[in-house]
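I have placed the structure first, in the form of structure tokens, so that the comments after it can refer back to it.
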2 protein chains.
Amino acid sequence: MEKMFDLLVDCPLFRGISSTEIEQLLKNNVYQLKHYRKGDLVAVHDDEITALQIVLMGSVKGEMPDLSGRVIKIEDIEAPRPLAVAFLFGQQNRFPVDLVANDEVKILRIAKPDVLLLFQQNKRFLTNYLNAISNRTQFLTRKLFFLSFRTIREKIAFYLAEQMKLQNSSVIILSQPQREMAELFGVARPSLARGFAELEDEGFIEVDRREIKILNKEGLISIAGR
Amino acid sequence: MEKMFDLLVDCPLFRGISSTEIEQLLKNNVYQLKHYRKGDLVAVHDDEITALQIVLMGSVKGEMPDLSGRVIKIEDIEAPRPLAVAFLFGQQNRFPVDLVANDEVKILRIAKPDVLLLFQQNKRFLTNYLNAISNRTQFLTRKLFFLSFRTIREKIAFYLAEQMKLQNSSVIILSQPQREMAELFGVARPSLARGFAELEDEGFIEVDRREIKILNKEGLISIAGR
DNA sequence: TCGTGTTTGTAACATTTGATACAAATTAAG
DNA sequence: CTTAATTTGTATCAAATGTTACAAACACGA
């Protein structure tokens with residue numbers, strides 16, 4: 001049981017709060033523990049969300065159900081992270097996806113009214129929660145923005161211009177594999193590789209796997225358009 | 001000045017809080033008022049966000065700057081609504097867009113530390129704020145979900161399935177012209193028309209301008225996939 | 001060192017979409 | 001009723017992307 005509080009120290013919602021403080025906050029038994037085995041349904045699409053849920057052990061995958069039986073995997077949530085923080089509040093308190101246990105899973109549940117009490121008792125927990133939702137929104141905003149570009153070339157050009165600023169260099173090291181970047185852009189992985197290859201052929205950049213050298217910054221920016 | 005508190009009663013962040021309570025909460029002078037004229041820049045892309053800002057009068061538009069001088073309008077925020085609630089917390093405390101006054105605009109500013117104090121002083125304000133961010137996230141999740149469909153057929157099919165529920169009928173009246181719907185979907189107008197025509201050829205629907213009759217609901221849903 | 005799994009770079013081909021153009025149907029305004 | 005503007009339905013063609021497949025480079029652990 002002690003282990004649980006140690007696990008929570010690494011959870012974004014409890015960042016900056018010591019294990020003993022966490023123990024004190026939760027000591028009034030305001031929580032439940034749930035166990036799931038591999039393949040178990042942790043929650044079903046449209047289930048009502050009445051409690052904050054934190055994955056303590058194992059990982060859970062979000063899936064969209066398909067009428068023909070197939071499923072589309074949306075994302076993985078690994079311990080020690082919370083589930084659906086942005087759906088505990090707001091108008092639609094229902095799971096947007098199915099949640100399935102990837103392996104043996106332990107989940108901590110704290111009912112919504114108790115979460116509000118925790119907010120009052122610990123300011124850090126509150127700001128952590130606000131940060132968690134906000135980060136989610138920021139991630140989605142960014143993703144939507146990327147999808148708003150018409151062509152893959154534009155997405156790449158914009159991404160590189162952005163990274164040039166961030167890394168403050170004309171040689172950029174990509175932090176993600178192409179597969180993940182393609183996912184962020186909402187395009188197929190080989191299409192992304194082709195995009196890079198085309199920009200290289202046209203003399204805008206020089207590509208060596210994860211290392212991108214910007215040869216024509218102005219040209220690149222004019223491709224991105226914005 | 002009294003008018004301000006009355007205006008705030010209609011702001012989602014102060015919902016359920018009376019004008020006099022709002023006055024009490026804000027009486028310690030923890031706020032600033034800013035005036036802008038039509039066309040004034042309220043905030044610039046990448047400006048740091050250190051305060052909660054609420055539009056009290058007029059409206060503000062979010063725009064993405066273009067290097068060639070053009071701008072792309074993202075959205076309008078009208079009084080009495082807050083600006084960028086999801087960017088006051090989280091990792092990226094910077095405006096994602098330029099904000100330009102549409103007309104004469106009054107904006108209320110409350111510094112971030114004071115916002116946190118308000119959270120402690122008034123539980124309703126806190127839950128309102130949580131709801132505001134959460135609703136934003138939910139909206140974006142939905143929009144992203146919509147854009148995540150690969151083909152136009154899938155978008156149309158999903159849209160129609162949704163409208164069937166909303167209008168509770170197997171005959172759907174489209175409320176927008178194709179041009180606007182195409183914009184929402186992020187596709188070209190003739191491509192959208194072609195999408196409808198194809199679904200008609202295949203016997204899923206019957207199209208008569210704005211009136212769509214669903215002939216094969218199950219088939220349509222299986223096209224949408226999810 | 002070797003094998004195994006992952007990542008990257010390409011290629012060929014089919015599919016989807018965008019761009020453009022135009023006619024017919026509809027609506028709005030006079 | 002007439003005319004003009006808007007909306008819809010189509011067609012054609014080019015461009016962009018997805019799909020599938022495979023080989024080479026790389027990373028990592030046994």
Side-chain angles (χ1 to χ4, degrees), chain A residues 66 70 72-73 76 78 102 143 146-160 163 171-213 215 220 222-225, chain B residues 72 146-160 163 171-213 215 220 222-226:
Chain A
D66 181 326
R70 286 171 307 180
I72 301 154
K73 181 179 158 188
D76 267 321
E78 308 209 345
N102 280 327
K143 186 153 184 172
F146 262 109
L147 289 180
S148 76
F149 286 103
R150 297 226 173 280
T151 67
I152 293 181
R153 293 163 56 86
E154 285 174 359
K155 294 178 208 224
I156 296 176
F158 182 82
Y159 183 84
L160 291 180
Q163 289 300 311
V171 178
I172 293 164
I173 309 296
L174 302 178
S175 61
Q176 308 167 304
Q178 278 185 9
R179 183 179 42 75
E180 284 179 32
M181 203 178 309
E183 209 167 311
L184 170 69
F185 289 4
V187 301
R189 206 273 311 165
S191 301
L192 182 65
R194 174 170 46 202
F196 273 108
E198 281 175 13
L199 290 175
E200 187 171 27
D201 287 346
E202 293 159 24
F204 292 109
I205 59 179
E206 216 173 274
V207 181
D208 179 15
R209 297 184 72 84
R210 296 278 191 96
E211 192 179 309
I212 314 290
K213 192 172 185 176
L215 300 178
L220 209 59
S222 79
I223 287 177
Chain B
I72 301 153
F146 203 77
L147 288 181
S148 77
F149 288 103
R150 298 224 173 283
T151 67
I152 294 180
R153 292 163 55 86
E154 285 174 358
K155 292 180 207 218
I156 296 176
F158 183 79
Y159 182 84
L160 292 180
Q163 289 299 313
V171 178
I172 294 164
I173 308 296
L174 302 179
S175 60
Q176 308 165 304
Q178 278 184 7
R179 185 178 41 75
E180 284 180 32
M181 201 179 310
E183 207 167 315
L184 170 69
F185 287 8
V187 301
R189 205 275 309 165
S191 301
L192 182 64
R194 172 171 47 201
F196 273 108
E198 281 174 12
L199 289 176
E200 187 170 28
D201 286 347
E202 294 160 23
F204 292 108
I205 59 178
E206 216 173 274
V207 181
D208 180 15
R209 299 186 71 82
R210 298 281 190 94
E211 192 178 310
I212 314 289
K213 192 172 185 177
L215 300 179
L220 208 59
S222 79
I223 286 176
R226 335 177 184 182

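Below, chain A is the first sequence line, B the second, and so on; all start at residue 1.
Distance CZ (A:Phe196) to P (C:dG9): 9 Å, rounded to an integer number of Å. At whole-Å resolution of the value, CD in A:Gln178 and C1' in C:dT7 are 8 Å apart. Remark: P of C:dG9 and CD of A:Glu200 are 8 Å apart, rounded to the nearest angstrom. Atom-to-atom, CD of A:Glu198 to P of C:dG9 comes out at 14 Å; the value is rounded to the nearest Å. Distance CD (A:Glu183) to C1' (C:dT6): 16 Å, rounded to an integer number of Å. When the C1' atom of C:dT8 is taken as reference, atom CD of A:Gln176 falls 15 Å away, rounded to whole Å. Atom CD1 of A:Ile156 and atom P of C:dT8 are 13 Å apart (whole Å). Atom C1' of nucleotide C:dT8 and atom CG of A:Leu199 are separated by 16 Å, given to the nearest angstrom.
The distance from atom CD1 of A:Ile152 to atom CG of A:Leu192, rounded to the nearest 0.5 Å, is 6.5 Å. Taking NZ of A:Lys213 as the reference point, atom CG of A:Asp208 lies at 10.5 Å (rounded to 0.5 Å). Taken from CZ in B:Arg194 to CZ in B:Arg153, the straight-line distance is 12.0 Å, to the nearest 0.5 Å.
A donor-acceptor pair under 3.5 Å is absent between the side-chain atoms of A:Gln163 and the main chain of A:Ile172, judged by distance alone.
Across all strands shown, B:Ala188 has heavy atoms under 4.0 Å from sugar-phosphate atoms exclusively, and none from any base. A:Arg179 comes within 4.0 angstrom of sugar-phosphate atoms only, judged by non-hydrogen atoms across all strands, and of no base. Residue-level contact check: A:Thr151 touches the backbone only, with heavy atoms under 4.0 Å from sugar-phosphate atoms and none from bases.
Picking from C:dG9, C:dA21, C:dT10 the nucleotide with the shortest atom distance to the side chain of B:Arg189 gives C:dA21.
With a 4.5 Å cut-off on side-chain heavy atoms, B:Pro177 and B:Arg210 count as touching. The side-chain heavy atoms of A:Ile205 and A:Leu215, taken from C-beta on, include no pair separated by under 4.5 Å.
When each of B:Arg194 and A:Arg210 is assigned the nucleotide of DNA chain C bearing its nearest heavy atom, the one mapping closer to the 5' terminus is A:Arg210. Nearer to the 5' terminus of DNA chain D, by closest-nucleotide assignment, is the contact made by B:Arg209 (compared with the other of B:Arg209 and A:Asp208). Between B:Pro190 and A:Ala193, it is A:Ala193 whose nearest contact on DNA chain C lies nearer the 5' terminus.
Exactly one residue among A:Tyr159, A:Phe149, A:Phe196, A:Phe158 makes a ring pair (Phe, Tyr, Trp, His ring centres under 6.0 Å) with A:Phe185. That residue is A:Tyr159.
Close approach of DNA chain D to chain A, defined as any atom under 4.0 Å from a non-hydrogen atom of the protein, starts and stops at D:dT17 to D:dC26.
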